[in-house]
2 protein chains.
Amino acid sequence: MTIKAYGAHAADQPLGPLDISRRAPGAHDVQIEIAYCGICHSDLHTVRSEWPGTQYPCVPGHEIVGHVSAIGAAVTRFAVGDTVGVGCLVDSCGQCGSCAEGLEQYCESGMVGTYNGPTPDAPGHTLGGYSQRIVVKDDFVLRISHAPEQLAAVAPLLCAGITTYSPLRHWQAGPGKKVGIVGIGGLGHMGVKLAHAMGAQTVAFTSSESKRAEAKALGADEVVVSRHADEMAAHAGTFDLIINTVSASHVLDAFTMLLKRDGTLVLVGAPSEPHPSPSIMPLVFKRRAIAGSLIGGIAETQEMLDFCAARGIVSDIELIPAQQINAAYERMLKSDVKYRFVIDSKTLGE
Amino acid sequence: MTIKAYGAHAADQPLGPLDISRRAPGAHDVQIEIAYCGICHSDLHTVRSEWPGTQYPCVPGHEIVGHVSAIGAAVTRFAVGDTVGVGCLVDSCGQCGSCAEGLEQYCESGMVGTYNGPTPDAPGHTLGGYSQRIVVKDDFVLRISHAPEQLAAVAPLLCAGITTYSPLRHWQAGPGKKVGIVGIGGLGHMGVKLAHAMGAQTVAFTSSESKRAEAKALGADEVVVSRHADEMAAHAGTFDLIINTVSASHVLDAFTMLLKRDGTLVLVGAPSEPHPSPSIMPLVFKRRAIAGSLIGGIAETQEMLDFCAARGIVSDIELIPAQQINAAYERMLKSDVKYRFVIDSKTLGE
């Protein structure tokens, strides 16, 4: 079946309307009519070949929400009409240690991304959520229990939400813990909401004085403008955990110095230019660590969606028609969005 | 009381004989006649002012073993004649969270180093183990239960031993775990012995083909010459823990790539020139971490000494008279020692 999508035929071309095909649902497949799809910075990196390995045509999008329109014969957990989501991955080997532990994002054989991943389906690589419909193996489909009117704002939870939720859980954010979130953008604004909801003392770090009030409104107990050395110094040695969502190259030492003994600075983005080499002494003298974290597994993504639904947590979004995707990319590059663009998928047919 | 020591009056002067004084033992003090003192690379960095803050005269030495010759009235755990040790620290605040947890090395107020630390005793900073006698608060004195003939080779356990033992324990080296030790010198040769004794699958990394047989003899199950890319690649993604004892600037990515998901690269030395900035992608895509670790606390140092005594583990040493300290420093700079110089303290009086 042929459906409408939005994508690009080459790295140096803007995105535009495309016709793509989706497989007919197999026994374990769920067919989803997409209602909304968030725009993630990874979409831009991939479609513009800023990361290696992009295959064209490229249809990005891995923050997908919609409704089930058909199911395969062996599907028992979903029914037509269910509200569901699809995140960053649509398959994994299912055999390795990471898959066995429900950490499919770290699949030893490599997870299959929702776009630009290997698939037997035409054209040989997966095509993402900037499209009217998607067909996904049931094990990689998530249940959404938010209120119907929240659906557009739920979409970014599938990447921005889980990318911050997973390290917050893994490094045990919660009551009695002091947690920092660096960068108040698509990921960071979710990090602040989630850390606060988990009961942690939540401090937002922003380089911009203008975001101070906004960050408080998101749930930060305190906001630190990272350019102000005295504000930073007042927090030296006090954090259990800092989630750093900034992928632009910057001095990590400014944040490692704020960690307690045994604290961890978790990077969820990788810079295109290396960060200045982190000083080792602040690690040695307080047994601190710098770690990385990648999205989350399927079970944890479901847990995050349920956690958010129970508390009414969604992303702050700007809803756009598909025809504004290229303009949205330019605004995203200038951080001119609060805090996530979401495509209204019904406009794909216009 | 005046005793003989070996130290320097300035950064650019060689070490030579000095007369220093020790306080008379107070109620909680233990007076120790030093039998042996190991030579640590930190001694050289400090005495030559390669690190900031050295005060002169400087008497280095924090790998001390000897015998109790007097005790204060309130000392109950030690008696005259006991064989004891003193490591890198001789005091801490005793009040902070780290001290309360027995992690005095991370004292929030700063531990008092065995040399170059603040003290009310003349000359206002602590003087270390290159001396005939030392007087130390009983809480910082360690019990040694090795055989008497092993005593010289026990000395390096007090720094080189605990510096590798502590991260091996903290990151849970043991049966079923694959552990790497990078660098086969003073610290690394102890790391190999200890990881092996803990039951971990132990792999030694050396840049030098010539150390392959030696590293096996120390207890390594396997030895990897880190210059050989194919040997390194064969271990990609397989280590739970790698302890990196090399403080010269080098590419850390070569080792982070060898870690499993959730594995940790622990640095126990800080380079004078920064390491090339570590790549972030290998951290993000496997939730790996780069951490630091500093010696160990008093309780853990005692545990390590008892662990080693029960298994007959000591350092491999070259025993020298005090008069050869300067020559030993030059050889240490060329890594020309297997694997630790230890000063025979009775030669201080010669």
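To find a chain, count down the sequence lines: A is the first, B the second, and so on, and within it residues start at 1.
Taking a 6.0 Å sphere around CE of B:Met257, one finds it holds 12 or fewer heavy atoms contributed by other residues, nucleotides or ligands. By the neighbour-count criterion of 12 heavy atoms within 6.0 Å, atom CE of A:Met232 is densely surrounded, having more than that number from other residues, nucleotides or ligands. Around atom CD of B:Glu231, more than 12 heavy atoms belonging to other residues, nucleotides or ligands sit under 6.0 Å away. By the 6.0 Å contact criterion, CD on A:Glu50 is enclosed, its count of non-hydrogen atoms from other residues, nucleotides or ligands being greater than 12.
Using a 4.5 Å cut-off between heavy atoms, B:Glu273 does not touch chain A at all. Only the backbone of A:Pro276 comes within contact range of chain B, with at least one heavy atom under 4.5 Å from a heavy atom of that chain. Contacts of B:Pro167 with chain A are absent, with no heavy-atom separation under 4.5 Å from either backbone or side chain. Heavy-atom distances place no part of B:Thr256 under 4.5 Å from chain A, backbone and side chain included. If you measure heavy-atom distances from A:Leu265 to chain B, you find no contacts under 4.5 Å at all.
Expressed to the nearest 0.5 Å, how far CD1 of B:Ile290 lies from CG of A:Leu283 amounts to 8.0 Å. Note that the CG atom of B:Leu252 and the OG atom of A:Ser277 stand 7.0 Å from one another [nearest 0.5 Å]. The CG atom of B:Leu103 lies 5.5 Å from the CZ atom of A:Arg287; values are rounded to the nearest 0.5 Å.
The pair A:Lys260-B:Glu108 does not meet the salt-bridge criterion, since no charged nitrogen lies less than 4.0 angstrom from a carboxylate oxygen.
A side-chain donor from one of B:Arg261 and A:Ser98 sits under 3.5 Å from a side-chain acceptor of the other.
Between B:Phe285 and A:Tyr106, the closest heavy-atom pair is O-CD2, 3.2 Å.
Counting heavy atoms from C-beta on, the side chains of A:Ser279 and B:Pro274 never come closer than 4.5 Å. With a 4.5 Å cut-off on side-chain heavy atoms, B:Lys286 and A:Leu294 do not count as touching. Considering only heavy atoms from C-beta on, A:Pro278 comes within 4.5 Å of B:Pro278 through its side chain.
Between chain A and the options B:Ile280, B:Ile295, B:Thr264, the largest number of non-hydrogen pairs under 4.5 Å is found for B:Ile280.
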